[in-house]
Amino acid sequence: MPPKRKAAAQAAPAPSKAGRTSALSTPGPATPRSLDSSMMSEADDDFDEDVSEAQKQREDGLGVEAEQFVQVFDLSSKRFQGKNEKRTDSVTSFFKNGERDFHYLPLKPDHQRRPLYIEPTQGLIFLERWSPRGKQATDFLVTIAEPVSRPKYIHEYKMTAHSLYAAVSVGLTAKDILTSLDGLLKTEVPQSIRSFIEEYTMRFGKVKLVLKGNKFYIESVDEKMLARLLNDEIIGPLRVHTSGDGEGLTVTTAPKMGGLVIPGTQNAAGVHQANLKAGGAEPAANEGELYATLNEEDDDDKEAVHAFEIPDHAVETVQKRCLELGMPILEEYDFRNDDQNANLEIDLRPNTQIRPYQEQSLSKMFGNGRAKSGIIVLPCGAGKTLVGITAACTIKKGVIVLCTSSMSVVQWRQEFLKWSNINPDDIAIFTAESKNKFSGNTGIIVTTYSMVTNSRERSHDSKKMMDFLRGREWGLMLLDEVHVVPAEVFRRVISSIKSHSKLGLTATLLREDDKISHLNFLIGPKLFEANWMELSQQGHIAKVQCAEVWCPMPTEFYDEYLRANSHMKRTLYAMNPSKFQACQYLINYHEARGDKIIVFSDELYSLKQYALKLNKVYIYGGTGQAERMQVLQNFQHNPNVNTLFLSKIGDTSLDLPEATVLIQISSHFGSRRQEAQRLGRILRAKRRNDEGFNAFFYSLVSKDTQEMYYSAKRQTFLVDQGYAFKVITQLANLDKTPDLAFATAKERRELLQRTLVDNEKGGEEDVENDDLFGKPVRRAGGRRGGGVRRTAGTLGELSGGQDMAYIEQNKGANKTLKKQAKAQQNTFFKKIAREKERVRTGK
Ligand SMILES: Nc1ncnc2c1ncn2[C@@H]1O[C@H](COP(=O)(O)OP(=O)(O)OP(=O)(O)O)[C@@H](O)[C@H]1O
């Protein structure tokens, strides 16, 4: 960190004053990276570039202290990730050169009564959850900051530009935030934090992105601010010059806002106003809850609004740039004052009760009586669909819903009909099979991402439907499962279909490639993220016991492992016979308890070998649609089919029946998202409210292999959500398991030989065989697209034939199901034929 900035962080500079912004002497404004935690871990190579970029961008963007805060925040985070950093241990570098020495912030005399610490360079806030004021502090933090980690005792939050924006839009002023923070903090509020809050809260709402007549405009009541944007080298050239507007800005009038906040959504479809108050140091009237003072909008008091048009494709760039310039853009829809678009007759059914956390998430969206675009993060099974439906019932304008598969399209429509009083004719489906429109002049369309982004040849009906979708202004765009959709798909959706507000729904915003940050600009910031532990304690999702089972590698396996290339290493730690036995043991144990078990394996070879050896059904990318349905239905309804082996296609592409136990035998490296998604599969267990019910999540890990490292990394997100992973080093009475696989040294040696031979030429890759984003579908074994192909025949040739026999003899479970289904079908058809014959002959 350059000394100047370090000093800024440590010397607690003087408060910023209005007008100081023009006398900047320190380098430039916030970069988006510095404002959002999700952008913090990008490549170190960007480091130098960021600094010079910041120098270049020096403008009158932020006040001195806020800017210093942002700079320090940005640079320090880079520094701690520096590639060339020599580390003696994992923490020394953290405190090097006194960079984290915050002794200049003395503790208050009664600090023990106060639950918060703050880190003045990055806006990290630490909460002692056990404090008597822990609940009150949690309510406050959820409103002004983003949760980072919430295990049992100490919670970590981070204040970002977006989180402050959310706080401002539910009615809090800088003064409110600072007073409450000061009341809860063990130290004084650091000057860098004070300035950051003051500067940012002051700037929010000055520049807006609005959709009018199907065109996008950048709007502000502050003409100078818009002029500054137009002089910007990136935004300026993007302006659309319409005939007649000359160089001037379009001027209209708009209702003037009250100093605090506009009326909430108190009675709008059951969504209540956020419970926030201009809180003092002590708890507000209602212990733990902070209520906002709301000002009514004064319709008579109008002020001039200046605007310029930008093209559809430039929306993301302009939003990004505005944030860089320290003028974050607001995307809000004043739906109650929209008389251009027809109203939709839709309300929640009277018996629909949204849950407190659903209400809380929506209050973040409708905090000031307008619809703010953004993303709501709720764990699987917590009811994201109802959140989306309630948003639609609040806005009451045309809605377009985008899903990842045609199966979810049907489900979304059903859920709309179940929870709301929407007329069935007003909600239509646009999929390959159905291309209906709604009957009235507004309504709801439910479709898939691939239907609206498909660039291949469209049918006449599809083209007509797309023209219909493109030609209208939608009030709300609901985007399901946003974490799995590529940015490019969002770009295409958003640039072709215009909506006033967007709500993204997801269970996790994690992506290992860090590409999640673009969602801030394509959809909007994260509005709300639920606390998984709280939801499970309240019985809305299942309680899960997590365990990591350590499986020792037999010596001969370990020897080969040490020699193997990376692909073979993965196969070997998946095929470890101790892991096999642990899996068999856990399946026996849980089947006996009446559980439904899903075993996940990303490694296709082991998936098949495990399933065949244990005579269980399995599904992978190459399993045909009919067989998949058959297997899934049996797993759901057949009491004899209680264990299902699944490849990674089970992570996103399948609508899986409920399960109560998950076992992972092989996973995708250190993917936190996959771990969270998989755990999510058991959260919706219906038995969750039974006395003492627990769902189980086991990760089987080969001891002393790379898998242990990946496993720890995978678990970080869940640990941050408060899950504790127990390590099991020995399974009781494992050796007493009947027909324990690979119990003898000879069998284990044979397994090793076979594994080596079968995988000598590289493994078979799984394919995600679905229509998610209109990619060409690759069939089993990668037949299309040049993937590696392996067949039973090849196996036989490679291994001298004996494995062929093994495969055939064990083809078992899936085949048995097929036979059973055929037999049932035959009986059914025979019965029909007999019936027909009886009718024909009259006997
Ligand atoms: N407020 C509510 N009252 C009663 N039931 C609810 C409520 N909210 C959600 N549910 C029920 O909870 C279940 C899970 O809801 P939903 O499928 O929307 O969850 P989800 O978050 O979308 O899960 P996933 O990510 O797995 O799709 C459904 O059966 C739904 O009907």
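As the structure lists them, so they are numbered: ligands from 1, and atoms in each ligand from 1. We're numbering straight along the sequence, starting at 1. Just so we're clear, the structure is a prediction, and the values are computed from it rather than from any experiment.
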Go through ligand 1 atom by atom and flag the ones less than 4.0 Å from a non-hydrogen atom of [X].
| X | result |
| --- | --- |
| Lys418 | 31 (O) |
| Leu386 | 1 (N), 2 (C), 7 (C), 8 (N) |
| Pro379 | 21 (O) |

Original post:
Among Gln358, Glu415, Glu481, whose heavy atom sits nearest atom 8 (N) of ligand 1?
Top reply: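 When every heavy atom of Gln358, Glu415, Glu481 is considered, Gln358 comes closest to atom 8 (N) of ligand 1.
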
Subject >> Selection from Gly381, Cys380, Ala530 by shortest heavy-atom distance to atom 14 (C) of ligand 1 >> reply: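 Nearest heavy atom to atom 14 (C) of ligand 1 lies in Gly381.
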
**OP:** Tell me, please: is Ile354 in heavy-atom contact with ligand 1, that is, under 4.0 Å?
**Re:**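 For ligand 1, residue contact (heavy atoms, under 4.0 Å) with Ile354 is present.
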
Original post:
Under 6.0 Å between the ring centres of Phe335 and Phe366?
Top reply: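 Ring centroids of Phe335 and Phe366 are less than 6.0 Å from each other.
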
Subject >> Where Ser462 and Lys435 come nearest, the two heavy atoms and their spacing >> reply: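 Distance-wise, the nearest heavy atoms are OG-CE, 3.0 Å.
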
Using a 4.0 Å heavy-atom cut-off, which part of [X] comes near ligand 1: side chain, backbone, both, or neither?
| X | answer |
| --- | --- |
| Gln353 | backbone |
| Trp419 | side chain |
| Thr385 | both |

Original post:
Looking at ligand 1, does any of its N/O atoms fall within less than 3.5 Å of an N/O of Gly383?
Top reply: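 Yes, at least one N or O pair falls under 3.5 Å.
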
Subject >> Rounded distance (nearest 0.5 Å) linking atom CD of Gln136 with atom CG of Leu127 >> reply: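 Answer for the CD-CG pair, Gln136 versus Leu127, is 10.5 Å.
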
**OP:** Just jot down the salt bridge (charged side-chain N to carboxylate O under 4.0 Å, His left out) partners of Lys502, sequence neighbours excluded, or say none.
**Re:**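 Scan of Lys502 (salt bridge (charged side-chain N to carboxylate O under 4.0 Å, His left out), adjacent residues dropped) gives Glu331.
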
Original post:
Side chain of Asp426, backbone of Ile422: donor and acceptor closer than 3.5 Å?
Top reply: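 Answer holds: no.
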
Original post:
Just by modelled atom types, is the Gly398 backbone N or O under 3.5 Å from a matching donor or acceptor in the Thr442 side chain?
Top reply: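 Pair found, side chain donor or acceptor close to backbone of Gly398.
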
**OP:** May I ask you to check whether over 12 heavy atoms, not counting those of Phe725, lie within 6.0 Å of atom CZ?
**Re:**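 For Phe725, atom CZ is crowded (more than 12 foreign heavy atoms under 6.0 Å).
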
